[in-house]
Peer 1: 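I'd like to ask you about the structure that follows.
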There are 2 protein chains.
Amino acid sequence: MAILIAILKIIEYRYTIKKFDIDLYLGVVAIIFTGIGIWTGIQLLKRKEQKEGITHTNEAFDQTHVNHSDKVLLSEREKEVLLSMSEGLSNQEIADKLFISIHTVKTHSSNLFSKLQVKRRTQAIQKSKELGII
Amino acid sequence: MAILIAILKIIEYRYTIKKFDIDLYLGVVAIIFTGIGIWTGIQLLKRKEQKEGITHTNEAFDQTHVNHSDKVLLSEREKEVLLSMSEGLSNQEIADKLFISIHTVKTHSSNLFSKLQVKRRTQAIQKSKELGII
DNA sequence: AAATTACTCATACTAAAGTACCAATTCATA
DNA sequence: TATGAATTGGTACTTTAGTATGAGTAATTT
């Protein structure tokens, strides 16, 4: 804001161009500040994307790093749940298949997610295939 | 440009606010057009990035499309969403990645699910891998 | 015997996913 | 020019997924 005001002051040669059409001056101001706006917008969006990019690469790094250092050991039941997930089954369908309640399936899910260090079943599927668990 | 001029004309109540400080008027014009500029800049950048994204996916698409059946025909965008799904991204993350709203991601999701005749994203991932779409 | 691990089930939540509508824009094509 | 496909965005809603927490049981290990 301070910069904008400063620029406005610098441009303020309107006393010298008073003889010119005031419309022309306004048009120039409008165009200049449109340009400033465009530039600002691009800068803002760039910064936002950079932050997201850093976050993503960090996540990707963590995943691949853990792959080599930790041997992820899932229990039998967790592996069964994970396998069923990769087949596209819902929690309820997995529960029916394994003759357990949906609550138990959710417990196994949550546990295997934290063991695999993922947040969603789709990530678990992808990661477990990378690790050769499935 | 025509729009800018038109807006300028609409704003042109300077005859009525002549009694007010001309600096105030200029400040308002500057702020408004800065806002317009920011918006324009964001829109321009969005469009640019989207074109780049499509180019990339087209390259990837050409590699896989030749090899496999076109019985299930997904649109470009649907394939992009599907691929992102298989990478374990949430709808919100896909939206951010493709520079579209989460609503649009859901629309694409729902459409590709019915095209693949599945009910969940996990099934879509499994089936599309069977079909060689991914 | 005590501790640990795996498995089970539950409640009560929040978050995400998915569906069903609708509507506007763009773009290629009949 | 009109028509349809693709893309985008929205509201409102239901369903599923996921988290946090607690707790009981059986088997194994220390």
Side-chain angles (χ1 to χ4, degrees), chain A residues 71-128 133, chain B residues 3 39-40 42-58 61 65 70 72-128 133:
Chain A
K71 287 183 180 178
V72 178
L73 191 54
L74 300 182
S75 73
E76 271 315 302
R77 227 38 174 166
E78 285 165 354
K79 274 184 270 187
E80 288 181 278
V81 171
L82 179 57
L83 187 63
S84 299
M85 277 181 180
S86 74
E87 292 168 352
L89 301 185
S90 68
N91 285 339
Q92 185 59 64
E93 288 167 343
I94 296 171
D96 295 341
K97 182 183 174 186
L98 301 183
F99 297 103
I100 55 180
S101 84
I102 192 176
H103 305 293
T104 309
V105 176
K106 286 186 176 185
T107 303
H108 289 318
S109 299
S110 216
N111 290 336
L112 76 87
F113 289 162
S114 61
K115 283 185 181 178
L116 291 175
Q117 293 183 290
V118 298
K119 284 192 168 292
R120 286 176 287 280
R121 64 212 287 110
T122 47
Q123 288 180 338
I125 293 167
Q126 205 233 5
K127 188 156 189 176
S128 64
I133 296 175
Chain B
I3 296 171
W39 180 82
T40 306
I42 291 174
Q43 295 305 314
L44 286 175
L45 207 67
K46 267 189 181 178
R47 201 152 299 183
K48 184 189 163 197
E49 305 249 350
Q50 280 179 5
K51 281 181 184 173
E52 287 172 359
I54 288 170
T55 304
H56 290 312
T57 47
N58 275 343
F61 171 68
H65 182 261
D70 45 4
V72 178
L73 195 53
L74 300 181
S75 72
E76 262 327 293
R77 227 37 175 168
E78 284 164 357
K79 273 183 269 187
E80 289 181 274
V81 170
L82 179 57
L83 187 64
S84 299
M85 276 180 182
S86 75
E87 292 168 352
L89 300 186
S90 68
N91 285 338
Q92 186 59 64
E93 287 168 341
I94 296 171
D96 294 341
K97 181 183 173 187
L98 301 183
F99 297 102
I100 55 180
S101 85
I102 191 174
H103 304 293
T104 308
V105 175
K106 286 186 177 186
T107 303
H108 289 320
S109 299
S110 218
N111 290 335
L112 74 88
F113 290 163
S114 62
K115 282 184 183 179
L116 292 175
Q117 292 181 294
V118 298
K119 285 193 168 292
R120 285 177 287 280
R121 65 214 282 109
T122 47
Q123 289 180 337
I125 292 166
Q126 207 234 1
K127 188 155 189 175
S128 64
I133 296 175

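Chain letters run A, B, ... following the sequence lines, proteins first and then strands; every chain starts at 1. Only this structure's heavy atoms are used, side chains among them; waters, hydrogens and symmetry mates stay out.
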Peer 1: Roughly what angle, to 10°, lies between the helix axis at the start of the helix from C/dA1-D/dT30 to C/dA30-D/dT1 and the one at its end, five pairs per end?
Peer 2: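 Comparing the axis at each end, I get an angle of 40°.
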
Peer 1: Would you call A/Met85 and B/Thr122 a side-chain contact if the rule is heavy atoms closer than 4.5 Å?
Peer 2: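 They are not in side-chain contact.
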
Peer 1: Just the rounded figure in Å: distance from P of D/dT7 to CG of B/Leu73.
Peer 2: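 The answer, rounded to whole Å, is 10 Å.
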
Peer 1: Contacts to DNA chain D from residues 105-113 of chain B, heavy-atom cutoff under 4.0 Å, which residues?
Peer 2: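 Here the set is B/Thr107, B/His108.
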
Peer 1: With A/Lys119, which residues qualify under salt bridge (Lys or Arg N to Asp or Glu O under 4.0 Å), at least two apart?
Peer 2: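 A/Lys119 satisfies salt bridge (Lys or Arg N to Asp or Glu O under 4.0 Å) with no other residue.
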
Peer 1: Between B/Asp96 and B/Gln92, is any pair of side-chain heavy atoms under 4.5 Å apart?
Peer 2: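 Yes, close enough: below the 4.5 Å cut-off.
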
Peer 1: Tell me: CD of A/Glu76 to P of C/dT5, nearest whole Å?
Peer 2: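 One finds 17 Å between P of C/dT5 and CD of A/Glu76, rounded.
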
Peer 1: Among the nucleotides C/dC9, D/dG18, C/dT8, which one has an atom lying closest to any side-chain atom of A/Ser101?
Peer 2: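 Nearest to the side-chain atoms of A/Ser101, counting from C-beta on, is C/dC9.
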
Peer 1: Whole angstrom is fine here: how far is it from CD1 in A/Ile102 over to P in D/dG18?
Peer 2: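 The answer, rounded to whole Å, is 11 Å.
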
Peer 1: If you define the side chain from C-beta out and look only at heavy atoms, does anything of A/Leu116 sit under 4.5 Å from A/Gln123?
Peer 2: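 No, side chains not in contact.
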
Peer 1: Measure CD/A/Glu78 against P/C/dC7 and give the value in whole Å, please.
Peer 2: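 That distance rounds to 7 Å.
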
Peer 1: With a 4.5 Å limit on heavy-atom distance, are the side chains of B/Asn91 and B/Arg121 in contact?
Peer 2: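 Yes, their side chains come closer than 4.5 Å.
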
Peer 1: CD1/B/Ile133 to CD1/B/Ile125 distance, rounded to the nearest 0.5 angstrom?
Peer 2: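 Separation between the atoms: 12.5 Å.
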
Peer 1: Please report, rounded to the nearest Å, how far the C1' atom of C/dA16 is from the CG atom of B/Leu89.
Peer 2: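 Rounding to the nearest Å, CG of B/Leu89 and C1' of C/dA16 are 14 Å apart.
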
Peer 1: How many whole angstroms separate atom CD of B/Gln123 from atom P of D/dT16?
Peer 2: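 About 12 Å, once rounded to whole Å.
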
Peer 1: If you round to the nearest 0.5 Å, how far is CG of B/Leu89 from CZ of A/Arg120?
Peer 2: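 With rounding to 0.5 Å, CZ (A/Arg120) is 7.0 Å from CG (B/Leu89).
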
Peer 1: Quick one: list whatever passes side chain to side chain contact (heavy atoms under 4.5 Å, CB included) with A/Leu98, sequence neighbours left out.
Peer 2: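 With sequence neighbours excluded, A/Leu98 shows a side chain to side chain contact (heavy atoms under 4.5 Å, CB included) to A/Arg77, A/Glu80, A/Val81, A/Ile94, A/Ile100, given in chain and number order.
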
Peer 1: Which atom pair, heavy atoms only, marks the closest approach of B/Leu82 to B/Ser128?
Peer 2: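 Smallest interatomic distance, heavy atoms only, reads CD2-CB, 3.5 Å.
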
Peer 1: OP1 or OP2 of D/dT16 versus the side-chain N and O atoms of A/Asn91: is any pair under 4.0 Å?
Peer 2: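 A/Asn91 to D/dT16 OP1/OP2: no side-chain N or O under 4.0 Å.
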
Peer 1: Which whole-number value in Å describes the distance from B/His103 NE2 to C/dA20 P?
Peer 2: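 Going from B/His103 (NE2) to C/dA20 (P), I get 18 Å.
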
Peer 1: Let's see if you can work this out: which of D/dA6, D/dT7, C/dC7 has an atom nearest to the side-chain heavy atoms of B/Ser75?
Peer 2: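 Nearest nucleotide to the side chain: D/dT7.
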
Peer 1: What residues from residues 79-87 of chain A pass a heavy-atom cutoff of under 4.0 Å to DNA chain D?
Peer 2: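 Those residues: none at all.
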
Peer 1: Output side-chain donor-acceptor pairs under 3.5 Å for residues 102-112 of chain A, partner residues at least two apart or in another chain, one line each.
Peer 2:
unit_1: A/Thr104; atom_1: OG1; unit_2: A/Ser101; atom_2: OG; d: 3.3
unit_1: A/Thr107; atom_1: OG1; unit_2: A/His103; atom_2: O; d: 3.0
unit_1: A/Ser109; atom_1: OG; unit_2: A/Val105; atom_2: O; d: 2.7
unit_1: A/Asn111; atom_1: ND2; unit_2: A/Thr107; atom_2: O; d: 3.2

Peer 1: Given atom NZ of B/Lys119 and atom P of D/dA17, what is their separation to the nearest angstrom?
Peer 2: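 Spelled out: NZ on B/Lys119 to P on D/dA17 is 13 Å.
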
Peer 1: Any heavy-atom pair between the side chains of B/Lys97 and B/Glu87 that's under 4.5 Å?
Peer 2: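 When only atoms from C-beta onward are counted, B/Lys97 and B/Glu87 do touch, with a gap below 4.5 Å.
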
Peer 1: Which part of the nucleic acid, if any, lies within reach of B/Thr104 when heavy atoms closer than 4.0 Å are counted: base, sugar-phosphate only, or nothing?
Peer 2: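 Since a base atom lies under 4.0 Å of B/Thr104, the category is base.
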
Peer 1: With a 4.0 Å limit, can you tell me whether A/Arg120 has a side-chain N or O closer than that to the phosphate oxygens OP1/OP2 of D/dA17?
Peer 2: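 Answer no for this pair, as no side-chain N or O of A/Arg120 is under 4.0 Å from OP1 or OP2.
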
